[in-house]
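Note on naming: letters A, B, ... go to the chains in the order of the sequence lines (proteins, then strands), and numbering restarts at 1 for each one.
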Amino acid sequence: MSGRGRALRDLALWLLALAAVTAAILPFRARLDKAHVAMVLLLVTLGASAAAGRAVGMAVACVSFLAFNWFFLPPYHTFAVADPLDWLVLVTFLVTSAVAAQLLHLARQQERLAAHAEALREADRLKDALLASVSHDLRTPLTTIKARANELRVYGDEGAEVIEQEADRLNRMVADLLDLSLLNEGALRVAPELNAVDELVELAVQRVEGALGGRPLRVRLAPDGGLLFGCFDLAHSVRIVVNLAENAHKYAPAGTPVEIAAGRRGPWVEVIVADQGPGLAPGDEERAFEPFRRAAGAPPDVGGSGLGLAIARRLAEAQGGRLEYRPRPGGGSVFALSLPALDATADGFPPSVTTS
Amino acid sequence: MATRTILVVDDEPQIRRVVRNAVADGETRVIEAETGAEAVDLAAAARPDLIVLDLGLPDMAGAEVCRTVRSWSGAPILVLSARHSDAEKALLLDQGADDYVTKPFSTVEFQARVRALLRRAAQVGAGERETRIVAGDLEIDLLAHAVTIGGAEVHLTPIEWQLLRTLATNPGRTLTHRQLFAAAWPGRAFGDAQHYLRVHMTHLRRKIEPEPARPRHVVTELGVGYRFVP
């Protein structure tokens, strides 16, 4: 039965109840006080509100109001009212019915909201537990694969190096997929705080250097006297720079260097990753940041999950920063990560940092 | 040469096998535990020289095992973690773990960590106390409070000196932000300490590292702290 059908059925039932109650007390009209009648009719109205909802309750209240007037207020069987004070009784009756119906409605709503909130919290807990266990479960076989491949390589099997690298790649893909799903739900924890750009570059270089296979990696930090500090999440920012450097490595021709440089640009600290590859075609510059996008001319065996730039940009924005592309003068790509700069002094304590 | 004993604690048999393969040799005996309770019992019975402890145990939190064992044993504890929770790692280090490795890990790195922990434990056991620390062209004179790089003196502020001294006297060991803060600002509440620490560490490293992007002496351990490379 539809909602509307059910409401009409309830209304009919409760009006019937009202009619029955009215008929029951009608013979005693002469001996009953107006208060008695009002109480009894109010009970019926409250019953309708509690059982069938606010709309039915209000409707029954209106009909009770009319019934009260017609059957129980002199002159009987008219809507006229002899005693002006009776109007007060009638209006009070209606207002009380209405207020009671509304209160019952609100109470039910509160209950529904609380149940809904509890259900959401439960779903959240399950999701967190699932993500944690997936992350844990996937890493165990990866550990075994990587360790065995490492052993094979150490004992002279050169082919095992590929196995180990692919295990590492899988590990990064697992992390990327988990992060993308968390980002989509707005659930990724991003904790920007005062951080040194030196450390950001150091950690990125540490993670990337081994994977470049001998390709030169040029690193330029801001010259001395220009120690750079910013308000960012170190772990996420390192991931971004590593993503950019891995991309640069994929698309740059053999032997050409990948460059990582840090500097200050107005209110931002900027970390750029540059390569001397083909660069992005003029129309592609924004599309490159969409998930599962790969450059039109890219060789088919270029590794990676296609998530890199999409995640990188989202992570940058989640920290109040930006990730942009600009063509490299002389050919190639420059990807620039901008993060909010902070001025920190070494003597004593730096100005307090507000974290969102 | 006396036999060393290493205790491996992990509920996954493959991981225990990986660790066993990595460390077992003619001089090293490996014993295994599957649960936290078993680990505590074995640690008490066998008195291992090193404990490799996985965090994802079914019965006890890794931190609890650490705390329990640390209360009566000085054996170094190397923690294995699968989740990248840096706060968790820092907590473990504060609770008495000596180092950690994240799964999946490279066997070579794992073996290096194990060797470093065993070596340091042996040194401590022998009661050695150095007055001069040398690492590459960096020389630290603990008595004279002087630091030289390639013979040239480097001037450090008192706080930079404290930080370097603390790190250098714990070579190869990751010290948490909390531990370093306590060394440089004794008696102060931790609070927003990471910020102050980072600023001073950055200045220190610019003074002692010829190439700050590829540090030779003090390495950043993301989310946890810093480590002096011997």
Inset, instruction - Given side chain to side chain contact (heavy atoms under 4.5 Å, CB included), test Lys146(A) with Lys103(B) step by step and report yes or no. - result: CA-CA 10 Å; Lys146(A) 183 179 164 118; Lys103(B) 293 190 266 193; over 6 Å; no
Legend entry - Electrostatic pair Asp198(A):Arg206(B) at N-O distance under 4.0 angstrom: yes
Answer with side chain, backbone, both or neither: which region of [X] has an atom nearer than 4.5 Å to a non-hydrogen atom of chain B?
{"X": "Asn195(A)", "result": "both"}
{"X": "Arg153(A)", "result": "neither"}
{"X": "Val197(A)", "result": "neither"}
{"X": "Leu217(A)", "result": "both"}
{"X": "Leu142(A)", "result": "both"}
{"X": "Arg148(A)", "result": "side chain"}

Inset, instruction - Provide the closest heavy-atom pair for Phe229(A) versus Thr202(B) in the form atom of the first, atom of the second, distance. - result: CE2-OG1, 3.6 Å
Legend entry - Atom of Ala147(A), atom of Val18(B) and distance for their closest heavy-atom approach: CB-CG1, 3.5 Å
Legend entry - Val199(B) and Leu194(A), any side-chain heavy atoms less than 4.5 Å apart: yes
Legend entry - Validation row: Glu164(A), Ser106(B) side chains within 4.5 angstrom (heavy atoms): yes
Inset, instruction - Specify which of Pro212(B), Ala22(B), Ala213(B) makes the most heavy-atom pairs with chain A at under 4.5 Å. - result: Ala213(B)
Legend entry - Option that, when pairs with chain A are counted at under 4.5 Å, heavy atom only, ranks first among Leu222(B), Asp10(B), Ile15(B): Leu222(B)
Legend entry - Residue selection (most heavy-atom pairs with chain B, distance under 4.5 Å) from Val201(A), Leu203(A), Val219(A), Val205(A): Leu203(A)
Inset, instruction - Give, for atom CG of Asn150(A) and atom CZ of Phe105(B), the distance between the pair rounded to the nearest 0.5 Å. - result: 10.0 Å
Inset, instruction - Output the distance between atom OG1 (Thr144(A)) and atom CD (Glu12(B)), rounded to the nearest 0.5 Å. - result: 8.0 Å
Legend entry - Test log, rule side chain to side chain contact (heavy atoms under 4.5 Å, CB included), inputs Thr107(B) and Val154(A): CA-CA 10 Å; Thr107(B) 308; Val154(A) 164; over 6 Å; no
Legend entry - No-hydrogen, no-angle side-chain donor-acceptor test under 3.5 Å, Thr220(B) and Glu202(A): yes
Legend entry - Atom group of Asn21(B) that falls short of 4.5 Å from chain A, counting heavy atoms: side chain
Legend entry - Selection residues 213-230 of chain B - residue pairs positive for salt bridge (charged side-chain N to carboxylate O under 4.0 Å, His left out), sequence neighbours left out: Glu209(A)-Arg214(B), Glu211(B)-Arg214(B), Glu221(B)-Arg227(B)
